[in-house]
Student: 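Following this message is one structure expressed as structure tokens.
Note that this is a predicted model, so its numbers are computed, not measured.
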Amino acid sequence: MAEPVVRIEGLTYRYRRASEPAIRDIDLTVEAGEVLLVAGPSGCGKSTLIRAINGLIPHAYPGELSGSVRVNGRLTTELRLRDLAAIIGTVLQDPAKQIVGATVEAELAFGPENLGMDRTEIRRRISDVAERAGIRNLLGRETAALSGGERQLLAVGGILMLEPRLYVVDEPLANLDPASAARLLGILRTLADEGHAIVIVEHRVEEALDLRPDRVLYLEEGRTRYLGSVSGFLEIADPDAVKLPFDAVLARFRSDPSLVGTIPAAPGHHAGAAPPGTLAAPGADPAESPRLEFSGVRAGFGDREVLHGIDARLGRREIVAVLGPNGSGKTTLFRTAMRLLKLTGGEIRVDGEPITNRTVAQLASTFGYVFQSPSQMLFARTVREELTFGPRNLGRDPGTFGAIVTDALERTSLDVVEDILDRPPLTLSFGQQKRLALAIALSLEPPTLILDEPSAGQDHRTARRFMREVMAIPGLESIYLVTHDVDLALTHADRILLFREGRVVADGPPLEVVEDTDRWIACNLRPTSLIRANARWSGLNGAFLDAETLAARVATGTAAAP
């Protein structure tokens, strides 16, 4: 019988500065042609497992290791990272950390060039990979001008260039619109069918199931809770911690009535939202000037225009979600509003005044901006220094710093991380860095938050708690978020701005925007099981409910019949 591509026996690992192991007693094999989905709540050890498979543990992460990891029959401890890179292709959570080339072609050529591959072969592979990964339209572009989703696809392309035997992919869907996510999953499925082994870590389980994984490894607190078929996983997975298809959530609530009592109050901020054309939030004065107004805005990178005459008004007291395909201008919209990109036409006003009247620092006191890639916001030696940098530079009273730091950590669930204040920020996990970026924004006590992909790197429970905590912040008036997690957006937003090719193609309450299925799909979005379930059960006062709340109501008969 052939040796498995991966064989893990009795693996336990504790990071150098941690008091407890991140993973314990893991036994696992991955065969050629197999797709293994790794799921579980944040902090359960998924990323640590990946680092152990690709050799970053122990070669790049010092700590205490016991047990063994073999790839292609050889111990990873006996192989150099260079040798492992020829066998294992890894796609990181944050593509900004993976891309080193100045142009798309340079990035694709980087790996093969370092392996001494012939230039003719490199050019052939670039052409093949650009077609396979759906990034031919990116050729000739500078990587700095790519959107987060485009960078994610490029990172995947860079790994395809090396043609490894094993693909290890850490949350690849977080930065991708649903159509691009489906393309990526199709690529991975084809690779598996061709005999490659695939290990994919993903919080967005409903979409990851389209990959048709052969087995699911479900981790909790660093231990194997379950290893087996998808059907068995759906029966035991915690629907609060893992985002499951709605039918699976409903089945769990029907089989276990005790789950009903565990559901917090549903987010009802947008229930009874203002009628179409009324841009003020519920309870606000319609005549009130908007917090942020775009009039004929044009912007882009170099000669490439991304925003084509945007007109939009974002209220002082509302939650607005911006959805649309990768590269459609969602992030560019807010980067321009923060004066991080120059306008090439039109005008942007904040509280009625042109942004040209304010510095970037002054805008930061109005807008707490959390970047899509959190590492772009982190530069200080410790978390404590990160959190006090902004208040200190704005001249706040140092006597208030302690309370500000404590509150920011509690609201982002970072207060439970061991020795958090003395940790170097870049040693935190991607999800923890994302929450730290929010905590930095909160430390300035702004009236408005701009959140770019807030749920990236977060499990279902953490993302929902995160939104509840943010919405409860005293003094916070409005939230503007860019996301590919359409269920999160529809559940929490008062309004949806739908983007396509640098233009706003829809603007209205969530339930109205999703009614036009053709337009929704044309914007690379998919009708999720939760969208279908909300459409099926009526009588919910116009609110779009999250899966757990809707399942609880259906299971107890308090939702209207279809």
Student: For the atom pair CG (L481) and CG (D452), what is the distance rounded to the nearest 0.5 Å?
Tutor: 9.5 Å
Student: Okay, side chain of H59, backbone of T76: is any donor-acceptor separation there less than 3.5 Å?
Tutor: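 Pair found, side chain donor or acceptor close to backbone of T76.
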Student: Once rounded to the nearest 0.5 Å, what's the spacing between atom CZ of R151 and atom OG of S373?
Tutor: 7.5 Å
Student: Should V306 and F301 count as side-chain neighbours, where that means a heavy-atom distance under 4.5 Å?
Tutor: yes
Student: Could you tell me whether the side chains of S47 and D170 share a donor-acceptor contact shorter than 3.5 Å?
Tutor: yes
Student: Give the minimum heavy-atom separation between A133 and L153, together with the two atoms involved.
Tutor: O-CD2, 4.3 Å
Student: Does H492 reach the main-chain N or O of I319 with its side chain, forming a donor-acceptor pair under 3.5 Å?
Tutor: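 Such a contact is absent between H492 side chain and I319 backbone.
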Student: Does R215 qualify as a cation-pi partner of Y226, given the criterion of NZ or CZ under 6.0 Å from the six-membered ring centre and within 45 degrees of its axis?
Tutor: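 Relative to the ring axis of Y226, which defines the angle, R215 lies outside at least one limit.
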Student: Checking W537 side chain against L550 main chain: does a donor-acceptor pair fall under 3.5 Å?
Tutor: no
Student: Between D128 and R125, does any NZ, NE, NH1 or NH2 come within less than 4.0 Å of an OD or OE carboxylate oxygen?
Tutor: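 Here R125 does not pair with D128 in a salt bridge, since their nearest N and O are not under 4.0 Å apart.
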Student: Tell me whether N524 contacts the main-chain N or O of A179 through its side chain, where contact means a donor paired with an acceptor under 3.5 Å.
Tutor: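 Not confirmed, N524 side chain does not pair with A179 backbone.
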Student: Check for a donor-acceptor pair, side chain of N114 on one end and backbone N or O of F110 on the other, with a separation under 3.5 Å.
Tutor: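 Yes: the side chain of N114 pairs with the backbone of F110.
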Student: Which distance, rounded to the nearest 0.5 Å, do you find between the CG of L488 and the OG of S455?
Tutor: 5.0 Å
Student: Closest approach of L497 and R495, non-hydrogen atoms and distance?
Tutor: CD2-NH2, 3.8 Å
Student: Can a salt bridge be assigned to the pair E453 and K434 using a cut-off of 4.0 Å between side-chain N and carboxylate O?
Tutor: no
Student: For the pair E131 (side chain) and R136 (backbone), establish whether a donor and an acceptor sit closer than 3.5 Å, ignoring hydrogens and angles.
Tutor: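 Side chain of E131 to backbone of R136, a donor-acceptor pair under 3.5 Å: no, none is there.
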Student: Mark yes or no for whether T29, through its side chain, and R7, through its backbone, hold a donor-acceptor pair below 3.5 Å.
Tutor: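 Pair absent, no side-chain N/O of T29 close to backbone of R7.
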Student: Looking only at non-hydrogen atoms, find the nearest pair between V199 and V30 and report the distance.
Tutor: CG2-CG2, 4.1 Å
Student: Do T491 and D546 have side-chain N/O donor and acceptor atoms under 3.5 Å apart?
Tutor: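 Their side chains do not contain a donor-acceptor pair, so the 3.5 Å distance test is not met.
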Student: Got a sec: does the CD of E113 have more than 12 other heavy atoms crowding it under 6.0 Å?
Tutor: yes
Student: Show, in sequence, the C-alpha distance, side-chain angles and deciding distance for D311 and V504, and conclude whether the side-chain contact (heavy atoms from CB on, under 4.5 Å) test is met.
Tutor: CA-CA 8 Å; D311 294 306; V504 177; over 6 Å; no
Student: Verify, without hydrogens or angle tests, whether Q98 (side chain) and T90 (backbone) share a donor-acceptor contact under 3.5 angstrom.
Tutor: yes
Student: To the nearest 0.5 angstrom, please state how far the CG atom of L343 sits from the CZ atom of F294.
Tutor: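 CZ of F294 is found 9.0 Å from CG of L343.
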Student: Are E220 and K46 close enough for a salt bridge, meaning some N to O gap below 4.0 Å?
Tutor: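 Answer for the salt bridge query: no.
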Student: After noting the C-alpha distance and the side-chain angles of V169 and I159, does the key distance pass the side-chain contact (heavy atoms from CB on, under 4.5 Å) rule?
Tutor: CA-CA 10 Å; V169 192; I159 299 304; over 6 Å; no
Student: Taking the six-membered ring for Trp, are F334 and Y480 parallel (under 30°), tilted (30 to 60°) or perpendicular (over 60°)?
Tutor: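 Because their plane-to-plane angle is under 30°, the rings of F334 and Y480 count as parallel.
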Student: Which atoms form the tightest heavy-atom contact between I122 and M117, and what is the distance?
Tutor: CD1-O, 3.6 Å
Student: Evaluate the criterion side-chain contact (heavy atoms from CB on, under 4.5 Å) for residue pair L292 and F367; output intermediate values, then yes/no.
Tutor: CA-CA 10 Å; L292 185 57; F367 299 104; 4.2 Å; yes
Student: Which atoms form the tightest heavy-atom contact between R132 and L191, and what is the distance?
Tutor: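 Here R132 and L191 meet closest at NH2-CD2, 3.7 Å.
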Student: Does the Lys NZ or Arg CZ of R532 fall within the cation-pi geometry relative to F246 - under 6.0 Å from the ring centre and within 45° of the axis?
Tutor: no
Student: Can you tell me if T528 and D487 form a side-chain donor-acceptor pair at under 3.5 Å?
Tutor: yes
Student: Given side chain to side chain donor-acceptor pair (under 3.5 Å), test T190 with D193 step by step and report yes or no.
Tutor: CA-CA 5 Å; T190 299; D193 293 342; 5.4 Å; no
Student: May I ask you to say whether K243 pairs ionically with E206, meaning some side-chain N is under 4.0 Å from a carboxylate O?
Tutor: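 Judged by the 4.0 Å cut-off on N to carboxylate O distance, K243 and E206 do not form a salt bridge.
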Student: Out of curiosity, R119 CZ to E121 CD, how far, rounded to the nearest 0.5 Å?
Tutor: 13.5 Å
Student: Does the distance from a Lys or Arg side-chain N to an Asp or Glu carboxylate O, for R204 and E171, drop under 4.0 Å?
Tutor: no
Student: Classify the side-chain pair H460/D238 by whether it contains a donor and acceptor separated by less than 3.5 Å.
Tutor: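 Absent: no donor and acceptor within the cut-off.
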Student: In Å and rounded to the nearest 0.5 Å, what is the CG to OG1 distance from L219 to T224?
Tutor: 5.5 Å
Student: Are Y61 and R51 close enough, and set up right, to give a side-chain contact (heavy atoms from CB on, under 4.5 Å), and what steps lead you there?
Tutor: CA-CA 9 Å; Y61 289 87; R51 290 168 184 162; 3.5 Å; yes
Student: For the residue pair A208 and L37, what are the closest heavy atoms and their distance?
Tutor: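 Nearest pair, atom of A208 first, then L37: CB-CD1, 4.1 Å.
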